Amino acid sequence: MAKSTVRILMILGVLLVGLTAYSAGSGVPVPSPAADAAKTATAGQQTAVISGGCFWGIQAVFQHVKGVTNAMSGYSGGEAKTAEYETVSTGRTGHAESVKITYDPSQVTYGELLRVFFSVAHDPTELNYQGPDSGTQYRSVIFYANDEQKRIAEAYIAQLDQAGVFKHKIVTQVVPLKAFYLAEAYHQNYATIHPNDPYIMFNDAPKVSNLRKEFPELYIGK
């Protein structure tokens, strides 16, 4: 995201090249993680925090994933005093636009969430940008909450790189989660509330469509 005028110019550029969703893959399907947590026997609640470009699209994707009970847009990586949209947009706060995913581990695993993240939610080979958005606030990050999440994330990235799934090396950072700061109310559920926004139509709606196409067993309509 950017200031409105800049964003319009960026969107026009995207339309000119006919870009509706990223295409960084080598044609090799994104495999399931070889190292993953097992589904739990009983329902519960766990969280995952990830970043991969504008949080509108990431939130929209995971709101349609089976087992996800909540997905909220926010900021991670910086200090509380700078966790505000206009300040984060300078790219100098250390924050990344992030999404906090609350999920039931008896329905979906952490590794399955990461597979969706790497497959349809963003391009993990783009350094400090996604599509029309550029800046460190749009970097690809997995903020791990514990050693198990770190182990799964690092092993999965190594697995994908070794398999040559993407044309370029994955640049996703794997760093400890210090805090998640909720974004302003107008950012929450933005894609759902504004489906006709050109930015949503050409950047984020295709991600949800790809989720439905590539992961029918995980996709839920809302």
Side-chain angles (χ1 to χ4, degrees), residues 1-2 7 10-11 13-36 48-62 65 73 75-77 88-89 91 94-99 101 110-144 149-177 191 199-200 202-211 213-215 218:
M1 290 171 293
R7 176 190 277 166
M10 289 178 172
I11 293 171
V14 169
L15 295 178
L16 287 173
V17 298
L19 177 64
T20 58
Y22 83 82
S23 180
S26 64
V28 178
V30 177
S32 298
D36 194 4
V49 177
I50 54 177
S51 304
C54 174
F55 43 27
W56 295 346
I58 299 292
Q59 182 187 41
V61 167
F62 284 96
V65 173
S73 293
Y75 312 105
S76 292
V88 171
S89 294
H95 281 297
E97 291 194 9
S98 306
V99 173
I101 302 162
Y110 184 68
E112 288 175 323
L113 296 177
L114 294 186
R115 188 183 183 199
V116 170
F117 178 60
F118 285 115
S119 299
V120 301
H122 85 309
D123 180 348
T125 71
E126 292 183 343
L127 182 63
N128 296 334
Y129 75 97
Q130 286 292 316
D133 300 314
S134 63
T136 59
Q137 68 271 30
Y138 300 113
R139 66 191 185 275
S140 176
V141 192
I142 297 170
F143 293 97
Y144 62 85
Q149 288 188 353
K150 178 183 180 182
R151 174 183 61 81
I152 294 170
E154 290 180 338
Y156 195 32
I157 290 172
Q159 176 187 346
L160 296 179
D161 273 335
Q162 184 175 8
V165 172
F166 299 98
K167 296 177 183 177
H168 305 289
K169 186 176 177 61
I170 293 172
V171 296
T172 305
Q173 300 173 351
V174 180
V175 299
L177 175 67
Y199 182 95
I200 298 301
F202 292 99
N203 291 283
D204 297 335
K207 297 178 182 181
V208 178
S209 295
N210 287 339
L211 171 70
K213 177 182 178 181
E214 297 187 28
F215 298 97
L218 289 178

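What you see below is based on every heavy atom in this structure, not just the backbone, and it leaves out hydrogens, waters and symmetry mates. Here the structure is a predicted model, which means the values were calculated and not measured.
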Nearest 0.5 Å please: distance from the [atom1] atom of [X] over to the [atom2] atom of [Y].
X	Y	atom1	atom2	answer
Ile50	Leu114	CD1	CG	7.5 Å
Asp36	Leu113	CG	CG	9.0 Å
Tyr129	Gln137	OH	CD	14.5 Å
Cys54	Asn203	SG	CG	8.0 Å
Ile142	Gln173	CD1	CD	10.5 Å
Ile170	Glu126	CD1	CD	12.5 Å

Determine whether a donor-acceptor pair (N or O, by modelled atom type, separation under 3.5 Å) exists between the side chain of [X] and the backbone of [Y].
X	Y	result
Lys207	Ala121	yes
Arg139	His95	yes
Gln159	Ala34	yes
Gln130	Asp123	yes
Ser51	Ser140	no
Ser119	Val30	no
Ser98	Ala96	yes

Applying the side-chain contact (heavy atoms from CB on, under 4.5 Å) test to Tyr144, which of Leu177, Val49, Val174, Ile152 qualifies? Val174
Does either side chain, that of Arg115 or that of Ser32, offer a donor lying less than 3.5 Å from an acceptor on the other one?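 Short answer, yes.
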Side-chain donor-acceptor contact under 3.5 Å, Asp133 with Tyr199: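 Note: Asp133 and Tyr199 side chains meet the donor-acceptor criterion.
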Assess whether side chain to side chain contact (heavy atoms under 4.5 Å, CB included) is satisfied between Phe118 and Leu160, documenting all intermediate values. CA-CA 9 Å; Phe118 285 115; Leu160 296 179; 3.9 Å; yes
When you compare the side chain of Asp161 with that of Ile157, does any pair of heavy atoms fall below 4.5 Å?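 Yes, their side chains come closer than 4.5 Å.
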Please report the closest heavy-atom contact between [X] and [Y], naming both atoms and the distance.
X	Y	value
Thr125	Val171	C-CG2, 3.8 Å
Gly52	His122	O-CB, 3.4 Å
Val99	Gln59	CG2-N, 3.7 Å

Counterpart residues, ring pair (Phe, Tyr, Trp, His ring centres under 6.0 Å), relative to Phe143 (two or more places apart):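 Expected list: none.
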Apply ring pair (Phe, Tyr, Trp, His ring centres under 6.0 Å) to residues Phe62 and Phe117 and explain how you reach the verdict. CA-CA 9 Å; Phe62 284 96; Phe117 178 60; 7.1 Å; no
Listed partners of Lys213 passing salt bridge (Lys or Arg N to Asp or Glu O under 4.0 Å), at least two apart: none
Take the angle between the ring planes of Phe55 and Tyr75 and call it parallel below 30°, perpendicular above 60°, tilted in between. tilted
